[in-house]
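What follows is a set of notes on a single structure, which appears directly below.
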Amino acid sequence: MNTPAPAPAPKYTPREIETQWQTKWFEKNVFLAEPGGDRPKYYVLEMLPYPSGQLHMGHVRNYTLGDVLARYKRARGFNVMHPMGWDAFGLPAENAAMKRKTHPKAWTLNNIAEMKKVMQQFGWSYDWSKEVTSCLPSYYGPQQALFLDMYEKGLVYRGEALVNWDPVDQTVLANEQVVDGKGWRSGAPVERRKLPQWFMKITQYADQLLADLDTLPGWPARVKTMQENWLGKSRGLEFSFKVTGGYEAPLTVFTTRPDTIYGATFCAVAPEHPLAQAAAARNPAAAAFIAAASALGTAQEIIDKAEKQGFLTPFKAVHPLTGGELPIYIANFVLMTYGTGALMAVPAHDERDYEFAKKYSLPIVEVVAGGTDVQEAPYAEAGVAINSPLIDGLATDAAKDTIIAAAEAQGWGRGVTNWRLRDWGISRQRYWGCPIPFIHCPSCGVVPVPREALPVQLPEDVEFTGSGNPLANHPTWKHTRCPSCGGQAERETDTMDTFMDSSWYYLRYLCPTAADPLDKAKVGYWMAGKGVDQYIGGVEHAVLHLLYARFFTKALRDCGYPVGNEPFGALLTQGMVVGNSYQKADGTYLYPSQVEIKDGKAFEKATGDAVTILPVEKISKSKNNGDSPDALLARYGADTLRLFILFTAPPERDLEWSEAAIEGAWRFLNRVWSLGQRVKDLPSITGPMPNYSKEQSRVWRKIHQTIDKVTRDLENFQYNTMVAAIMELFNDLTSLDIEDPVSARVVRRGYITLLQLLNPACPHITEEIWEQLGFRVPISNMYWLQVNSTTRKIVEEMDERFGELVFYDENEAKEEEITLVVQVNGKVRAKLVVPHDIGQAEAIAQAQAAPEVATWLPNGVAKAVYVPGRLVNLVAQA
RNA sequence: GCCGGCGUGGCGGAACUGGUAGACGCGGCGGACUCAAAAUCCGCAGCCUUCACGGGCGUGUGGGUUCGAUUCCCUCCGCCGGCACCA
């Protein structure tokens, strides 16, 4: 008879384990979050995705970062809100409708279903019962109600704005739809056109938006700087020139450098300025110039980079101080939206004015002494005023004040505060967006839709021709009755900017089915304190989305909602996921997994053909640079991908795609699994610890040190070093001989600790092995290992086996000996092993006595610097 | 163009508050196991120089502050994000 071979230890099969645990979490509502209870609240929010249909690695990164935090905070005893939803309105759905004849709604909802399926396989701890979808009336209806709230508060108004107009398709183009100055579909040159639009009065909050940045210590400084620059508060002089030559109105300009007023040698106005229009009315050449300028479109970048051009008008501006007459130009770089749409130009002290003056041979008059020859290059820094009778000899700041004071005293100008920020134009001439709930009545004017008639729903039977606004083209939708007089009237056919949708979603998550837009009790509970306790998303949203959301919160606060002053108490901006792309000779792209790299050159695995390696760039579907998350999930499982994401780069930095690095994460988890299978069979002993060998105490110390290190890394979002620390602990555990009973105890307890530390990053594998070790309370219900005596007692009473857990103890983590570095003149020459509490005198004495240093100190020591616990630096006598 | 950021071995990255540069991982090399390979395990390794001990150099470039600089300041170079209708 053969004796049966012992059953081989089960293999690590992530797919099975992960589905099983995801099902358990879901069935037990583990991540359901409701107000109340003893636990303090903690709101973890990640930027919601646009449902393109493809979950990409950028999403995976964003949501994994958030999930680690959410799971850690749960373990630390918080009532954690961690929701997810869909930013579901927007241009791509309409583009897809034109291209593939699908309806935006069907396309979008289908994409959401596909993405959600993949997302649920990552084991992210979302409370899916809070899910919101911005393109459904259950979301955009409440949004319309909030819009009316803000309207009643005076924060919504009608105005005019410039748009990119495609004259062939008779439609407004987004900046990204303008390619080389032409409409992307029609190829027709775009025109800048003025259109009536809806606006939000964000400028009314400019001061608060600026001042409250100081209340956000949890935000990256660079994001706050960007917002500050975007708001662009500046103090300056607004004054008017009398105009000669047949233009009646004065020309009002704004300048931040009133001290250079004597150096003004010409004026420039925006092409849309009334003075430019007056010039155009008299001269077809001026009209042609304005038309050409308007072909630049509305994008700031294009306007800034375009060649500076001007057109001389027949009007002259009379200088208020000198009485001199300055020529007035129409200039293609002057913006109608900043200041007054007109400026005084001082070529000696402004880069752009200088360039323009050189081009049109205009005089350059130096009025600030700076040492450089202003005929050769402009001097834009501060200095001392010259050639300026009122302020000669004054420094720039004093000169500015003096001019402003003089202008106010003499009545020709006034000091004003100007902002770069302009009001938020929210009108979009598109179908796939939230309808603006207003009605245009020929006799009553613009009338809000009554609240009981909300939501104003989008019609579904629309055509996408690429011409005009599908909503306006709809045969019947817009025709309605005026709510005020009952007469024939038309609905507003503009829809809202999708930034509106993403400006309040974090509030609707808290009460996704409330009849009122916001359930005040629930919103009050979750938004108390810091609001969203931690927000995580891409830096690309540093200005617009975050500024709009901040504005919304303040506006809603003023409408009586308990949302606080700031929505996001802390912000983490994650880097992008980037990768090389690989292009074959025929121009098609290969996935990284299809490519083999040898000696820095790439070859297609299947054919052996040489492949071109293109530079690192944002992962995108068209370039195939980076396999899709679902393919990788199938191969490695969620825990491996999560570990790869966390380990490969710090959260704030760009993460470079690497198949090899995923393999590394996979191997580590397999090693963790295998060790688990051996630890399972070790006896569980909870009694007092015997005396350790040197090696055993080192590892025991390491267990405590790792708890501390991982905890600090979690608090600081240093997830990459957190993983490294866990790997180090693992390496130390495997360095002990498990056959030795004392070592086995250290390994077993260390391994249990490692599972708990790894759990936020890799929840499935740790949960599974935890159960295999015989613990009855799931690891996701455990308290963190850095606990106070109360929680420790609670934990130990949960399961008699928890006597085996290791709780962090500072004393156990302490090293008895340290390595003291001895430097001579800053160079390391010796290392000494000394007691950790060595004193300064003793340390210096031992350093000087070290045999290695003597040759570097032929003339003795001039000075000794001691850094406690670290080093002694001996400075050699010359 | 304007605003903001990043730059460390062959590669991703680590380094507390100005104090041992290169932790951890990938790749590489050597070894064990195997008929062989894969997987796995053990070991080596910044570069130059040296038989070795050792020494020199080294954090994009050039300069500065300091006993000591990847870290602070200035210059330049390269790359990336945003610029108001992509989200």
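Chain letters run A, B, ... following the sequence lines, proteins first, then strands; residues in each count from 1.
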Salt-bridge criterion met for A:E659 and A:R635 (N-O under 4.0 Å): yes
Does any N or O donor sit under 3.5 Å from an N or O acceptor when you compare the side chain of A:Q429 with the base of B:C85? yes
Pair A:K308 + A:E351: basic N to acidic O under 4.0 Å: no
Taking only side-chain N and O atoms of A:N731, does any of them lie within less than 4.0 angstrom of OP1 or OP2 on B:G25? yes
Both distances under 3.5 Å, Watson-Crick or G-U wobble: report the partner of B:G7, or none. B:C77
Please measure how far the P atom in B:G18 lies from the corresponding atom in B:G27, and state the result in whole Å. 36 Å
P atom, B:A39 versus B:C29: distance in rounded Å? 13 Å
How many Å lie between CE on A:M496 and P on B:A84, as a whole number? 22 Å
Using the C1' atom as the point on both nucleotides, what is the distance between B:G9 and B:U17, in whole Å? 27 Å
Nucleotide forming a Watson-Crick or wobble pair with B:C35, both distances under 3.5 Å: none
Can you tell me how far P of B:C85 sits from CZ of A:F89, to the nearest Å? 18 Å
For B:U65 versus B:G10, give the span between their P atoms, rounded off to a whole number of Å. 31 Å
Output the rounded distance in Å from CD (A:E228) to P (B:G5). 12 Å
Rounded to whole Å, the OH-C1' distance (A:Y866 to B:C67) equals 16 Å
Between atom CG in A:D501 and atom P in B:A87, what is the gap in whole Å? 9 Å
Quiz item: cation-pi between A:R192 and A:W165, 6.0 Å / 45°: no
What class does the angle between the rings of A:F499 and A:Y548 fall in, given that below 30° is parallel, 30 to 60° is tilted and above 60° is perpendicular? tilted
Cationic N near anionic O, under 4.0 Å, A:R430 to A:D494: no
Using the P atom as the point on both nucleotides, what is the distance between B:G4 and B:U75, in whole Å? 13 Å
Whole-Å gap separating P (B:C3) and OH (A:Y338): 13 Å
Hey, are A:E228 and A:K233 close enough for a salt bridge, meaning a charged N less than 4.0 Å from a carboxylate O? no
Would you kindly check whether a donor in the side chain of A:N229 faces an acceptor in the base of B:C3, or vice versa, at under 3.5 angstrom? no
Do A:E728 and B:C24 have a side chain to base donor-acceptor pair shorter than 3.5 Å? no
Can you check the distance between B:A23 and B:U34, where both ends of the measurement are the C1' atom (answer in whole Å)? 34 Å
Could you list all N or O pairs between the protein and nucleotides 13-16 of chain B that sit under 3.5 Å apart?
{"residue": "B:G13", "atom": "O3'", "partner": "A:N720", "partner atom": "ND2", "Å": "3.3"}
{"residue": "B:A14", "atom": "OP1", "partner": "A:N720", "partner atom": "ND2", "Å": "2.7"}
{"residue": "B:A14", "atom": "OP2", "partner": "A:R653", "partner atom": "NH2", "Å": "3.0"}
{"residue": "B:C16", "atom": "O2", "partner": "A:R870", "partner atom": "NH2", "Å": "3.1"}
{"residue": "B:C16", "atom": "N3", "partner": "A:R870", "partner atom": "NE", "Å": "3.1"}
{"residue": "B:C16", "atom": "N3", "partner": "A:R870", "partner atom": "NH2", "Å": "2.2"}
{"residue": "B:C16", "atom": "N4", "partner": "A:R870", "partner atom": "NE", "Å": "2.9"}
{"residue": "B:C16", "atom": "N4", "partner": "A:R870", "partner atom": "NH1", "Å": "3.1"}
{"residue": "B:C16", "atom": "N4", "partner": "A:R870", "partner atom": "NH2", "Å": "3.2"}

Side chains of A:R428 and A:T498 only: does a donor on one sit below 3.5 Å from an acceptor on the other? no
